[in-house]
Colleague: 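So that we are looking at the same thing, I have put the structure below in structure tokens.
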Amino acid sequence: MPHYQVVKGARDIFPDEILQWKHIEGVIHRLAALYGFNEIRTPVFEYTELFQRSIGSSTDIVGKEMFSFLPDPAGRSITLRPEMTAGVMRAALQKNLLAAAPVQKLYYISELFRKERPQAGRQRQFSQFGAELLGVSSPAAVAEVITFMMHVFEVLGLQGLTLRINTLGNMDDRKRYREALRNYLAPFYEQLDDASKERFEKNPLRILDSKNPEMQEIVTGAPKLHDYLGRESLDDFEKVLFYLSVRGIPFQIDHRLVRGLDYYSYTAFEVTSSALGAQDALGGGGRYDSLAVELGSSGEVPASGFAVGMERLLIAMQKQGLFSDLEAAAPSVFVIVQQQELFDQALEIVTRLRRAGISTVIDLAGRSMKAQLREANRMNAANALFVGSDELASGKCTMKDLRSSQQEECLLEEIIEKFRQSEPLNPPRS
RNA sequence: GUGAUUGUAGCUCAGUUGGUUAGAGCGCCAGGUUGUGGCCCUGGAGGUCGGGGGUUCGAGUCCCCUCAUUCACCCCA
């Protein structure tokens, strides 16, 4: 039993799993380029107020899940980011990106931190990939980010996904609805659970998607948000659904979908996977026009975005066997040393092969030939190159194809030439 | 924060109503083959039985505490 363990809720990712991550990341980067999204990286921490203002102080994230600390006794509180949108918006506003170009399409793959009890599909350090489309108020913008997200899932081969979508209306609609909802809930106030009582004042909409059966009971008779939506909101939502339909993206309208962050308006959506456990939300997002103003912008910045949990993506793909054809990079040549006295000369050969662009390894531990061969086999090396007194005397090498077990003697130059033909040094990008 | 679950070798796990030196498979190392891997055979290394306390002649096994794990609630990716 090792003395030290990883911090609760964090985990190590070892080389075999890195293959899976790189595969997913590769698809994300490729499709982002296809859709014209550009990568952004922001610091892992921000001033705590940023999250309090943006995510909302009534949310669980801000209320109890943030890792916050004081960098020095007199300093401002800093928080390890629990989500990306606030930081990206802060960066965009600080640099005044929209003045340089009025439409910004950004994406990221980043690490986030939330102080929760870990369980399947939930960690304290986790990562999300996501996109933010700033500066466009057209419903085509939300449709664009949803399409990008669903396209990634499709290329990765995921099955069993459900896209649920709703509209929360604009700020005026929500204000009117909030009042109506409060009037309806007021007589039930004493029956509300603690969380719902808290939300009654701050954000009663969130009582709607409570999973507490008793709350659900109370809420069934509540006025419907949909009935309070103005013409503008309805038109916007219809357009979003139209764009999705046209692109063949299946969805379910769910009028109870609210989502936890305070800054959403208009469209909100969520994708769940049947391959996941209790934490089955693979990703979600929406429209958040009011966020910029909340962060001090003089005018509204229409914005749409989504975030997808990378670990959950990974779990879902593993469950569905979507990584079966991934193979670790194997060296082309494993140089085998007959006697350790010849090691230095063998190293020179290794260097020449590497300089020629041929991936080459050699046993550095001074082990027996048998152990070296076993290692070559374990690494799935394509060839073994034997360096012994005979070879050095004749100036030739013995090269063995480890798959076919055929071996032949030839000059080192011939080997290099052979590889140059079969694996070019600068392979064309696919 | 709440509930439940599981902690025995590097990994996956056995361990009978408490009873001698705690086992298996896989993996690792070495030898069989002193210049040749995989397959096979033989051998070897590796364990404070999560930790602490208690009951007992005797505890991996029973009791208490503690730490950690996992799953679930809450909420979210």
Colleague: Nearest whole angstrom, please: distance from the P of B:rC75 to the CD of A:Glu65.
Modeller: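 So the two atoms are 11 Å apart, to the nearest Å.
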Colleague: Hey, what's the ring geometry for A:Phe200 with A:Tyr189, parallel, tilted or perpendicular (30° and 60° as the breaks)?
Modeller: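 Rings of A:Phe200 and A:Tyr189: perpendicular, over 60°.
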Colleague: Taking everything shown except A:Glu327 itself, do over 12 heavy atoms lie less than 6.0 Å from its CD?
Modeller: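 Not more than 12 within 6.0 Å, no.
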Colleague: Can a side chain N or O of A:Arg374 be found less than 4.0 Å away from OP1 or OP2 on B:rU33?
Modeller: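 Checking A:Arg374 against B:rU33: no side-chain N or O falls below 4.0 Å of OP1 or OP2.
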Colleague: I'd like to know if A:Gln407 reaches the base of B:rG35 with its side chain, counting only an N/O donor and acceptor under 3.5 Å.
Modeller: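 No pair found.
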Colleague: Roughly how many Å is it from CD1 in A:Ile207 to P in B:rC75, rounded to a whole number?
Modeller: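 Computing the A:Ile207:CD1 to B:rC75:P distance gives 11 Å.
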Colleague: Mapping A:Ser127 and A:Asp401 to their closest nucleotides on RNA chain B, which lands nearer the 5' end?
Modeller: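 This one resolves to A:Asp401.
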Colleague: Please examine the side chains of A:Gln52 and A:Thr79, heavy atoms only from C-beta on, and report whether any two atoms are closer than 4.5 Å.
Modeller: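 With C-beta onward as the side chain, the pair stays apart.
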Colleague: Is A:Phe386 stacked on the base of B:rG35, meaning ring centres closer than 5.5 Å and planes within 30 degrees of each other?
Modeller: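 Here A:Phe386 fails the 5.5 Å or the 30° condition.
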Colleague: Regarding A:Glu391, tell me which of base, sugar-phosphate or nothing describes its non-hydrogen contacts under 4.0 Å with the strands shown.
Modeller: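 Base contact.
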Colleague: Using 30° and 60° as the class limits, which term best fits the ring planes of A:Phe148 and A:Tyr35: parallel, tilted or perpendicular?
Modeller: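 Plane angle between 30° and 60°, so tilted.
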Colleague: Nearest to the A:Leu373 side chain among B:rG37, B:rG35, B:rA77, which nucleotide is it?
Modeller: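 Side chain of A:Leu373 sits closest to B:rG37.
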Colleague: Does a distance-only test, which skips hydrogens and angles, find a donor-acceptor pair under 3.5 Å between the side chain of A:Lys400 and the base of B:rG37?
Modeller: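 Indeed, a donor on one side and an acceptor on the other fall under 3.5 Å apart.
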Colleague: Do A:Arg367 side-chain and B:rC29 base share a donor-acceptor contact under 3.5 Å?
Modeller: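 Not at all, since no donor on one side and acceptor on the other fall under 3.5 Å apart.
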Colleague: Taking side chain as C-beta onward, heavy atoms only, is A:Met84 less than 4.5 Å from A:Val88?
Modeller: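 The answer is yes, as the side chains (C-beta and beyond) meet within the 4.5 Å cut-off.
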Colleague: Can you tell me which nucleotide in B:rG31, B:rG35, B:rA77 comes closest to the side chain of A:Gln338?
Modeller: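 That would be B:rG35.
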Colleague: Please report the distance separating the C1' of B:rC73 from the corresponding atom of B:rG47, rounded so that it comes out in whole Å.
Modeller: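 Rounded to whole Å, the distance is 37 Å.
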Colleague: Work out how far the P atom of B:rC11 is from that of B:rC28, and round it to whole angstrom.
Modeller: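 Straight-line distance between the two P atoms is 15 Å.
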Colleague: Tell me what A:Leu282 touches on the nucleic acid: a base, only sugar-phosphate, or nothing, going by heavy atoms under 4.0 Å.
Modeller: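 A:Leu282: backbone/sugar contact only, no base atoms under 4.0 Å.
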Colleague: When we call it a touch if two heavy atoms are under 4.0 Å apart, what does A:Glu375 touch: a base, just sugar-phosphate, or nothing?
Modeller: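 No contact.
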Colleague: If you define the side chain from C-beta out and look only at heavy atoms, does anything of A:Leu161 sit under 4.5 Å from A:Ser273?
Modeller: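 Side-chain contact under 4.5 Å: yes.
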Colleague: At 4.0 Å (heavy atoms only), tell me whether A:Ala384 reaches a base, stays on the sugar-phosphate, or touches nothing.
Modeller: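 Since no nucleic acid heavy atom lies under 4.0 Å of A:Ala384, the category is nothing.
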Colleague: Stems involving RNA chain B: give each as a range paired with a range, ordered by first number, where a stem means at least three consecutive Watson-Crick or G-U wobble pairs under 3.5 Å.
Modeller: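 Stem segments, range with range: B:1-4 with B:70-73, B:10-13 with B:23-26, B:28-32 with B:40-44, B:50-54 with B:62-66.
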Colleague: Using atom P in both nucleotides, what's the gap between B:rG60 and B:rG18 to the nearest angstrom?
Modeller: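 So the two P atoms sit 13 Å from each other.
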Colleague: Between A:Tyr266 and A:Val142, is there a side-chain heavy-atom distance shorter than 4.5 Å?
Modeller: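 Not in contact.
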Colleague: Do the non-hydrogen side-chain atoms of A:Trp21 and A:Met310 ever get within less than 4.5 Å of each other?
Modeller: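 Answer yes - side chains close enough.
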Colleague: Can you measure A:Ile336 atom CD1 to B:rG38 atom C1' for me and round it to whole angstrom units?
Modeller: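 About 13 Å, once rounded to whole Å.
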Colleague: Determine, for nucleotides 65-72 of chain B in 5'-to-3' order, which nucleotides have protein heavy atoms under 4.0 Å from the base (write B), from only the sugar-phosphate (write S), or from neither (write -).
Modeller: ---SS-SB
Colleague: Please give me the minimum heavy-atom distance between A:Leu163 and A:Leu244, naming the atom from each residue.
Modeller: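 Closest heavy-atom pair between A:Leu163 and A:Leu244: CD2-CD1, 4.4 Å.
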Colleague: Let me know, please, whether A:Val387 or A:Gly309 comes out on the 5' side of the other along RNA chain B by nearest nucleotide.
Modeller: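 Nearest nucleotide further toward 5': that of A:Val387.
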Colleague: Ignoring backbone atoms, test whether A:Arg122 places a side-chain nitrogen or oxygen under 4.0 Å from the OP1 or OP2 oxygen of B:rC74.
Modeller: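 So the side-chain polar atoms of A:Arg122 never come under 4.0 Å of the phosphate oxygens OP1 or OP2 of B:rC74.
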Colleague: If we take the C1' atom in both B:rU17 and B:rA59, what is their distance in whole Å?
Modeller: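 About 14 Å, rounded to a whole number of Å.
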Colleague: Could you give the distance separating B:rC76 and B:rG7 at their P atoms, to the nearest angstrom?
Modeller: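 Their P atoms lie roughly 34 Å apart.
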Colleague: Select one nucleotide: of B:rC29, B:rC75, B:rG37, the one nearest the side-chain heavy atoms of A:Ser405.
Modeller: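 It is B:rG37.
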Colleague: Determine, stepwise, if the pair A:Gln128 / A:Phe126 fulfils side chain to side chain contact (heavy atoms under 4.5 Å, CB included).
Modeller: CA-CA 7 Å; A:Gln128 293 183 340; A:Phe126 61 105; 3.7 Å; yes
Colleague: What interatomic distance, in whole Å, is found between C1' of B:rU70 and the corresponding atom of B:rU5?
Modeller: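 Result for the C1' pair: 7 Å, nearest Å.
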Colleague: Does any N or O donor sit under 3.5 Å from an N or O acceptor when you compare the side chain of A:Gln372 with the base of B:rU36?
Modeller: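 Per atom types, no contact qualifies.
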Colleague: For nucleotides 40-46 of chain B, just jot down a letter per nucleotide in 5' to 3' order: B, S or -, based on protein non-hydrogen atoms under 4.0 Å.
Modeller: -------
Colleague: Looking at B:rG38, does its base get a donor-acceptor pair with the side chain of A:Asn377 below 3.5 Å?
Modeller: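 Check fails, no donor-acceptor contact within cut-off.
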Colleague: Using distance alone, with no hydrogens and no angle criterion, decide if A:Gln20 and A:Gln318 have a side-chain donor and acceptor under 3.5 Å apart.
Modeller: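 There is such a pair between these side chains.
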Colleague: Could you state the atom-to-atom distance from CD of A:Glu83 to P of B:rC75 in whole Å?
Modeller: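 For the pair A:Glu83 CD and B:rC75 P, the rounded distance is 18 Å.
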Colleague: Once you round it to whole Å, what is the distance between P of B:rC29 and CG of A:Asp363?
Modeller: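 Those two atoms, CG and P, are 11 Å apart.
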Colleague: NA contact type, A:Gln123, heavy-atom cut-off 4.0 Å: base, sugar-phosphate, or nothing?
Modeller: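 Counting heavy atoms under 4.0 Å across all strands, the contact made by A:Gln123 includes a base.
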Colleague: In sequence, state the C-alpha distance, the side-chain angles, and the governing distance for A:Phe306 and A:Phe129, and then conclude on ring-ring contact (aromatic ring centres under 6.0 Å, His included).
Modeller: CA-CA 8 Å; A:Phe306 70 84; A:Phe129 97 84; 5.5 Å; yes
Colleague: Would you kindly say whether A:Thr398 and A:Gln407 are connected by a side-chain donor-acceptor distance under 3.5 Å?
Modeller: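 Their side chains do not contain a donor-acceptor pair, so the 3.5 Å distance test is not met.
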Colleague: Identify whether the distance between the nearest side-chain nitrogen and carboxylate oxygen of A:Glu311 and A:Arg11 falls below 4.0 Å.
Modeller: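 A salt bridge is absent here (no side-chain N lies under 4.0 Å from a carboxylate O).
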Colleague: If you round to the nearest 0.5 Å, how far is CD of A:Glu46 from CZ of A:Arg81?
Modeller: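 Those atoms lie 8.0 Å apart.
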Colleague: Suppose you measure atom C1' in B:rC29 against the same atom in B:rA68; what distance do you get, rounded to whole Å?
Modeller: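 Pairwise C1' distance, B:rC29 against B:rA68, rounds to 31 Å.
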Colleague: Using atom CG of A:Leu276 as one end and atom P of B:rC75 as the other, report the distance to the nearest whole Å.
Modeller: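 Result: 19 Å.
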Colleague: Measuring from the side chain of A:Met369 (C-beta onward, heavy atoms only), which nucleotide among B:rC74, B:rU36, B:rC75 has the closest atom?
Modeller: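 For A:Met369, the side-chain atoms sit closest to B:rU36.
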